[in-house]
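For this chain, numbers begin at 1 and follow the sequence in order.
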Amino acid sequence: MVLERTLSIIKPDGVKKSVIGNILNRFEEAGLKIVALKMVQLNKEEAEGFYAVHKDRPFFGELTSFIASGPVVISVLEGKDSISINRELMGATNPDEADPGTIREDFANSIGENTVHGSDGPETAAQEIAYFFTEAELVN
Ligand code: CMP
């Protein structure tokens, strides 16, 4: 079986709502292994580096200020098809369009404060994981 890794961030709104355990439990229940985990507060520069792909979007300032506004929980999830499984668990980016039972439908307030981030493809996942973790920090 080919294992795949993806990056997950529980955003400041998820941490404030005390749903860290609930969200991590959904990952584990879906068969994804948490192979790295940390809670940090990003500064604005780190947030801008992480979301650099969106730097020309009109919402870049709002996006980076929000992700740096409080603690976040960053994890690496591993398993077969982890990227698509995580995206299914999260639901649509805009919580108004997210399916019932997804993380964003259950907890998110708006497209900006949408509780979780997840990598959108294998290349992005590799870049995003390397942005926050060294290879030695990933459990085998
Ligand atoms: P995320 O998966 O973290 O990746 C980029 C983020 O940009 C996305 O979730 C949303 O939170 C945010 N985003 C996308 N579109 C908008 C928008 N129109 N206004 C504000 N934030 C947005």
Side-chain angles (χ1 to χ4, degrees):
M1 181 172 72
V2 180
L3 293 179
E4 184 178 74
R5 287 172 177 167
T6 189
L7 187 92
S8 164
I9 303 179
I10 302 176
K11 298 187 182 187
D13 61 312
V15 174
K16 275 200 195 89
K17 286 179 182 150
S18 299
V19 292
I20 298 169
N22 182 308
I23 293 171
L24 295 179
N25 189 49
R26 292 177 190 224
F27 298 152
E28 294 191 320
E29 288 287 316
L32 302 178
K33 291 259 177 254
I34 299 167
V35 296
L37 181 68
K38 64 181 162 192
M39 186 177 212
V40 291
Q41 180 155 0
L42 304 179
N43 62 35
K44 182 81 169 157
E45 203 176 19
E46 290 166 327
E48 287 172 354
F50 179 72
Y51 278 126
V53 66
H54 297 300
K55 66 179 184 325
D56 297 326
R57 304 283 190 100
F59 55 83
F60 185 63
E62 187 188 325
L63 171 65
T64 53
S65 294
F66 175 64
I67 201 79
S69 68
V72 294
V73 173
I74 309 176
S75 60
V76 178
L77 309 176
E78 185 181 84
K80 186 174 180 296
D81 299 324
S82 63
I83 296 171
S84 61
I85 290 172
N86 183 38
R87 292 181 72 76
E88 274 172 34
L89 293 172
M90 290 192 297
T93 304
N94 183 345
D96 292 342
E97 293 163 12
D99 287 338
T102 61
I103 295 168
R104 285 168 171 157
E105 205 265 348
D106 285 348
F107 303 125
N109 295 332
S110 65
I111 193 165
E113 302 196 7
N114 65 352
T115 314
V116 276
H117 167 83
S119 309
D120 63 6
E123 274 180 28
T124 328
Q127 284 165 9
E128 292 183 349
I129 291 167
Y131 193 79
F132 288 118
F133 296 98
T134 65
E135 195 58 38
E137 287 175 310
L138 306 176
V139 172
N140 273 313

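Sorted by first then second residue, the ring-ring contact (aromatic ring centres under 6.0 Å, His included) pairs that include residues 69-119, not counting sequence neighbours, are F50-H117, Y51-H117.
Expressed to the nearest 0.5 Å, how far CD of E97 lies from CD of E105 amounts to 12.5 Å. Once rounded to the nearest 0.5 Å, the distance linking CG of D99 with CG of L89 reads 11.5 Å. In this structure, CD1 on I83 lies 7.5 Å from OG1 on T124, to the nearest 0.5 angstrom. Here E62 contributes atom CD and E113 contributes atom CD; the two are 8.5 Å apart, rounded to the nearest 0.5 Å. Residue S75 holds its OG atom at 6.5 Å from CD1 of I10, rounded to the nearest 0.5 Å. S8 OG to I103 CD1: the interatomic distance, rounded to the nearest 0.5 Å, is 7.0 Å.
The minimum heavy-atom distance between A98 and T102, with the atom names listed, is CB-OG1, 3.5 Å. When all heavy atoms of G14 and T115 are compared, the closest pair comes out as CA-CG2, 3.9 Å. Summarising the geometry of R104 relative to A92, their closest heavy-atom pair is CD-O, 3.1 Å, with the distance given to 0.1 Å. The minimum heavy-atom distance linking V72 with V15 is given by the pair CA-CG2, 4.1 Å. Here the shortest heavy-atom pairing between F66 and P12 reads O-CG, 3.3 Å.
Donor-acceptor pairing under 3.5 Å is lacking for the side chains of K17 and N22.
No donor-acceptor pair closer than 3.5 Å links the side chain of E28 to the backbone N or O of N25. In this structure a side-chain-to-backbone donor-acceptor pair under 3.5 Å is present from E46 to N43. Between the Q41 side chain and the A68 main chain, a donor and an acceptor come within less than 3.5 Å of each other. Not one N or O on the side chain of R5 forms a donor-acceptor pair closer than 3.5 Å with the backbone of A125. A distance-only check finds a donor-acceptor pair linking the side chain of K44 to the backbone of G61 [under 3.5 Å].
Annotation: side chain of K33 is not in contact with side chain of L3 (no heavy-atom distance under 4.5 Å).
In the hydrophobic clustering of this structure, M90 groups with L77; members are Ile, Leu, Val, Met, Phe, Trp, Tyr whose side-chain heavy atoms approach within less than 4.5 Å, directly or through other members. In the hydrophobic clustering of ILVMFWY residues, with side-chain heavy atoms under 4.5 Å counting as a link, I9 and L138 come out together. Cluster annotation: F133 and I67 are assigned to the same hydrophobic cluster (Ile/Leu/Val/Met/Phe/Trp/Tyr, side-chain heavy-atom contacts under 4.5 Å, transitive). The hydrophobic clustering, which links ILVMFWY residues whose side-chain heavy atoms are closer than 4.5 Å, places F27 and V35 apart. L37 and V40 fall into different hydrophobic clusters, where Ile, Leu, Val, Met, Phe, Trp and Tyr side chains are chained together by heavy-atom contacts under 4.5 Å.
Residues forming a salt bridge (Lys or Arg N to Asp or Glu O under 4.0 Å) with E4 (at least two apart in sequence, or on another chain): none.
Within 6.0 Å of NZ in K38 there are more than 12 heavy atoms belonging to other residues, nucleotides or ligands.
Of the candidates V19, N86, V116, D106, D106 is the only one forming a side-chain contact (heavy atoms from CB on, under 4.5 Å) with R26.
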Exercise. Starting from the C-alpha separation in whole Å, work towards a yes-or-no answer on side-chain contact (heavy atoms from CB on, under 4.5 Å) for V76 and F132.
Key: CA-CA 10 Å; V76 178; F132 288 118; over 6 Å; no
